[in-house]
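Below you'll find the structure, written out as structure tokens, and then a few comments.
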Amino acid sequence: MQEWANQLCENRQFGSKMTDSKYFTTTKKGEIFELKAELNSDKKEKKKEAVKKVIASMTVGKDVSALFPDVVNCMQTDNLELKKLVYLYLMNYAKSQPDMAIMAVNTFVKDCEDPNPLIRALAVRTMGCIRVDKITEYLCEPLRKCLKDEDPYVRKTAAVCVAKLHDINAQLVEDQGFLDTLKDLISDSNPMVVANAVAALSEIAESHPNSNLLDLNPQTINKLLTALNECTEWGQIFILDCLANYTPRDDRESQSICERVTPRLSHANSAVVLSAVKVLMKFMEMLPKDLDYYGTLLKKLAPPLVTLLSAEPELQYVALRNINLIVQRRPEILKHEMKVFFVKYNDPIYVKLEKLDIMIRLASQANIAQVLAELKEYATEVDVDFVRKAVRAIGRCAIKVEQSAERCVSTLLDLIQTKVNYVVQEAIVVIKDIFRKYPNKYESVIATLCENLDSLDEPEARAAMIWIVGEYAERIDNADELLESFLEGFHDESTQVQLQLLTAIVKLFLKKPTETQELVQQVLSLATQDSDNPDLRDRGYIYWRLLSTDPVAAKEVVLAEKPLISEETDLIEPTLLEELICHIGTLASVYHKPPSAFVEGSRGVQHKRLPGSAGSGESVESPDTGSTAAAVSEAPPAVIPSQGDLLGDLLNLDLTPPTTTGPIPPPSSGMQMGAMDLLGGGLDSLVGLDTTFSFLVPFTQLGGDLGGSPAMGTGFGVPPAAMPASFSAPVSSGLDDLFDLGGGVGMPMGAYSPPKTVWLPAMKAKGLEISGTFARRAGVIQMEMTLTNKAMSVMTDFAIQFNRNSFGLAPAGPLQVLTPLSPNQSIEVTLPLNTVGPVMKMEPLNNLQVAVKNNIDVFYFSCQYPISMLFVEDGKMERQVFLATWKDIPNENESQFQIKDCHLNSDAASNKLQGSNIFTIAKRTVEGQDMLYQSMKLTNGIWVLAELRVQTGNPNYTVRTAQRHDGD
């Protein structure tokens, strides 16, 4: 359709003096027959008129494919307008008439050698748009000539044609060497040819992310920057987007590129401005903050962003969504521009809400008075949604800027005095948060809040008020009466209010037991006996048992000191923010989601990161001025994810391996560590030096408590001080795992499968609960899940995706949920897995981060799979090889520990372990102690050799392990 539009627009310059609208008004019968006759007329003008009528009929949806041979005959003409119209017809009908389309090939080939460059370009463009395999075979030779044509217009058209041809037949393009020719065009003397070559290569690279087509180097970058100044605006966007994918070698190169890109900030096209901002935001990461140019660049970035806010509302919204990301990453850019984000009376609501959000992000001690005055004004507007947001914003300012808290509370009290119902309710909700942030500071306002109790009708406001009454019951004389008034309509309240009321009355009872015994019995009875809500019922039972068995413990649990709430609860997770900064100016920056979350079939979507930011822990500067700015901690603010998104965006979590704090023994000089560094940390991480517990799960699962034992030789074992914290805690699975001693889903003489656990609770996934486990059956790793719908609506369209992980686990097929999941229904799903996915070291090693999508939303959770799932069936090593290998492995790759309270003899232990592909190679008895020598092989080719010592009558085993990669 785009091609039609372009060509119809171009036809206007060749059009007749009268309007073309007449071609769309005819309703005659027998029209096809008449058109056929006109198309075969000897008069050129009559032919052209007939073709125009055909195109008009085609445009309004009439089937004129019967005229294909007659229209094709009109191609033999010198009239450019007529040729364009015929080509337009061909593009539309060639797919339905492939055999007939072959008739046009000779004309295409001939036109590709026409003296007129417009006709040459038109021919190659049209051939590229005809998605018929038979035509593409004939396109190669003309395309090769056009790529090297003397006219730049033809070359730039041919460059785009390569991308189209690649989409139809990628192998043909590679075989014909068109990709190399396309790379050569980056050095073309014409800037538009360069821009189209970059655009074509970028599009091809997106669908083949590992092809390394755009091999960017300083020489190529220099050519692109040179072409940047002379391109059209869309050419500039293509080049800037390409530059954003480049990682400079050092800060000097980064500064040089920034200096040459900065003039684009003053461009009239907002897309060019945002693309330039994206490049600068990325390359700023590599500039030292004490550099003079860094400060200059910060100042230069503000004016173009402010200018974008003077455009029409739709563009303003896009600009504001991008500014929201920029402010979270570098608030100092716009810290002096608060006034431009003040709301105008005629702004659409979507612009108002975005401005409000940015105002809060930029709020600091220096400008808080100005911000509060503005927010108070907004709270008197007529738009209810906007007023609610404004009142919430006042509360967020109080939490963010401590010095302003008192003024914010005073402003909220003024708003409560207006007695406007929805304003009062929002104010109470945010005052509850202020109490959480500043305990024992503003409780004097509780009396004013209680006066408005009767006007509360929204669940969130009622729940907030109940929390305040329960939390400060000792300060409210009639707290029991207030809570009892809520209790009268208990069953009519929302779940949120019921849960809060239950907790508040239990708090009241613990503070005033003699006066409220009857009240607490009443609420516990309502919650446990008269309610069908499982969450409410369970909480009621927990409180009941706590109160009846140990009131002291109940007091410690229910009245425990609450953690202070975070300064910012809606910051985007840092790693996701980094990726979104790399997508400024695209849909991802408007949705605030990575492309993989909304691009269908996003196999080519690559996850981008800012340079130099991995593992740096560097925080953004505070917009506060003066001494407060210097006092801000370097650590980034903690992010509290929303209830439905506890892990933030799964595909953009920070996967950088943590820095080890303890010394790691150096690898043996005789070992080729380069070949073994599959998980990003050499084999150190696999042999118990920093993640022993994670990797040696199969052995820790033999018994209950786990404890380190002294090393039996130089370099063996881990000193107790270096043990991870998880070593000293009881192993939760204890005797449940490989030995099937705890009622797991074990199979006789087969691989152990742990019992299912809840991976994703319903309350964090809008009613979807996922419980599951992992199993290895017939050599295939399986993820066995139970999906339960605890929501009120039907769930469909399930899909699953894994993040990169230590062993490349990935779904071997789609998630098969063949029927809609109705409310209160559960379904068992088995998902086969393979180990050919992308690898990234996780902490712990067996951690797996999962995203599950359905028709409601995308949900994220993480779970841990037993390492034994990764032991392959061919893990039995020959005796001689075992002996030689054990001797060759250096001490640094060995570790030793004990397994306690396992009452199995050596034969039983050997049989159990063999079910999980842990093979006993040899057994010998020394002084009454059985020594089992065992081998296992992981899916990534790493061998683990073990010596298991079993003393008759002694429930404690000693395990010594050594690791070796398959290539060693």
Could you tell me if the side chain of [Y] sits less than 4.5 Å from the side chain of [X], heavy atoms only?
X: Thr575; Y: Glu573; answer: yes
X: Tyr317; Y: Val590; answer: yes
X: Phe859; Y: Leu768; answer: yes
X: Val497; Y: Ile466; answer: yes
X: Val852; Y: Val858; answer: no
X: Leu833; Y: Val780; answer: no
X: Leu787; Y: Asn854; answer: no
X: Asn789; Y: Asn824; answer: no

Quick one: does any side-chain atom of [X] pair with a main-chain N or O of [Y] as donor and acceptor, under 3.5 Å?
X: His592; Y: Arg321; answer: yes
X: Glu458; Y: Tyr422; answer: no
X: Asn452; Y: Leu456; answer: no
X: Lys764; Y: Ala762; answer: no
X: Ser485; Y: Leu482; answer: yes
X: Arg776; Y: Gln782; answer: no
X: Asn855; Y: Val794; answer: yes
X: Ser771; Y: Val758; answer: no
X: Asn917; Y: Phe871; answer: yes
X: Thr549; Y: Arg545; answer: yes

I'd like to check the ring-ring contact (aromatic ring centres under 6.0 Å, His included) partners of [X]; sequence neighbours left out, ordered by chain and number.
X: Tyr438; result: none
X: Phe598; result: Tyr591
X: Phe798; result: none
X: Trp759; result: Phe774, Phe861

The single option from Arg392, Arg388, Lys432 that satisfies salt bridge (charged side-chain N to carboxylate O under 4.0 Å, His left out) with Glu460 is Arg392
Just how far is it from atom [atom1] of [X] to atom [atom2] of [Y], taken to the nearest 0.5 Å?
X: Ile867; Y: Ser806; atom1: CD1; atom2: OG; result: 7.5 Å
X: Glu481; Y: Leu487; atom1: CD; atom2: CG; result: 13.5 Å
X: Gln517; Y: Lys512; atom1: CD; atom2: NZ; result: 15.5 Å
X: Ile394; Y: Ile434; atom1: CD1; atom2: CD1; result: 9.0 Å
X: Ile581; Y: Leu325; atom1: CD1; atom2: CG; result: 5.5 Å
X: Met783; Y: Tyr865; atom1: CE; atom2: OH; result: 11.0 Å

Partner set under side chain to side chain donor-acceptor pair (under 3.5 Å) for [X], not counting sequence neighbours:
X: Asn421; result: Gln425
X: Lys790; result: Glu769
X: Glu561; result: none
X: Thr788; result: Ser826

Holding to side chain to side chain contact (heavy atoms under 4.5 Å, CB included), I want the full list of residues that pass it with Glu556, two or more places apart in sequence or in another chain. Val552
Would you please test Val850 and Tyr860 for side chain to side chain contact (heavy atoms under 4.5 Å, CB included) and show each step? CA-CA 6 Å; Val850 184; Tyr860 309 97; over 6 Å; no
Using every non-hydrogen atom in the two residues, find where [X] and [Y] come nearest and quote the distance to one decimal.
X: Asn834; Y: Ala812; answer: ND2-CA, 3.6 Å
X: Val424; Y: Ser455; answer: CG1-OG, 4.4 Å
X: Phe486; Y: Glu493; answer: O-OE2, 4.0 Å
X: Gly395; Y: Val430; answer: CA-CB, 4.0 Å
X: Pro754; Y: Pro866; answer: CG-CG, 3.5 Å
X: Asn847; Y: Met842; answer: O-CG, 3.7 Å

Here's a test for you: under side chain to side chain contact (heavy atoms under 4.5 Å, CB included), which of Val384, Ile349, Leu353 qualifies with Lys389? Leu353
From Leu412, Ile416, Val469, residue fulfilling side chain to side chain contact (heavy atoms under 4.5 Å, CB included) relative to Leu449: Ile416
Can you tell whether the side chains of Glu354 and Arg361 come within less than 4.0 Å, N to carboxylate O? no
Taking Lys352 first and then Asp357, would you say they form a salt bridge - that is, a charged N and a carboxylate O separated by under 4.0 Å?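 No.
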For residues Glu828 and Thr786, is any side-chain donor paired with an opposing acceptor at under 3.5 Å?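 Distance-only check passes for Glu828 and Thr786.
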Could you please spell out the steps behind the side chain to side chain contact (heavy atoms under 4.5 Å, CB included) verdict for Phe509 and Leu519? CA-CA 8 Å; Phe509 172 72; Leu519 187 62; over 6 Å; no
By the side-chain hydrogen bond (donor to acceptor under 3.5 Å, both in side chains) test, which pairs, at least two apart or in different chains, include something from residues 496-510?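 side-chain hydrogen bond (donor to acceptor under 3.5 Å, both in side chains) check on residues 496-510 returns Glu471-Lys507, Thr503-Arg539, Thr503-Tyr543.
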Tell me, which pairs form a side-chain hydrogen bond (donor to acceptor under 3.5 Å, both in side chains) where one or both residues lie in residues 526-538, sequence neighbours left out?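 Every pair satisfying side-chain hydrogen bond (donor to acceptor under 3.5 Å, both in side chains) with a residue in residues 526-538: Thr495-Asn533.
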Verify the neighbour count for atom NZ of Lys511: are there more than 12 heavy atoms of other residues, nucleotides or ligands below 6.0 Å?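 Buried by this count: over 12 neighbours within 6.0 Å.
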Test of understanding: with salt bridge (Lys or Arg N to Asp or Glu O under 4.0 Å), list the residues that count as partners of Glu484, not counting sequence neighbours.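 In terms of salt bridge (Lys or Arg N to Asp or Glu O under 4.0 Å), with neighbours along the sequence ignored, Glu484 is linked to no residue.
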Let's go through Leu526 and Leu502 carefully: what are the C-alpha distance in whole Å and the side-chain angles of both, what is the deciding distance for side chain to side chain contact (heavy atoms under 4.5 Å, CB included) to 0.1 Å, and is it a yes or a no? CA-CA 9 Å; Leu526 286 168; Leu502 172 61; over 6 Å; no
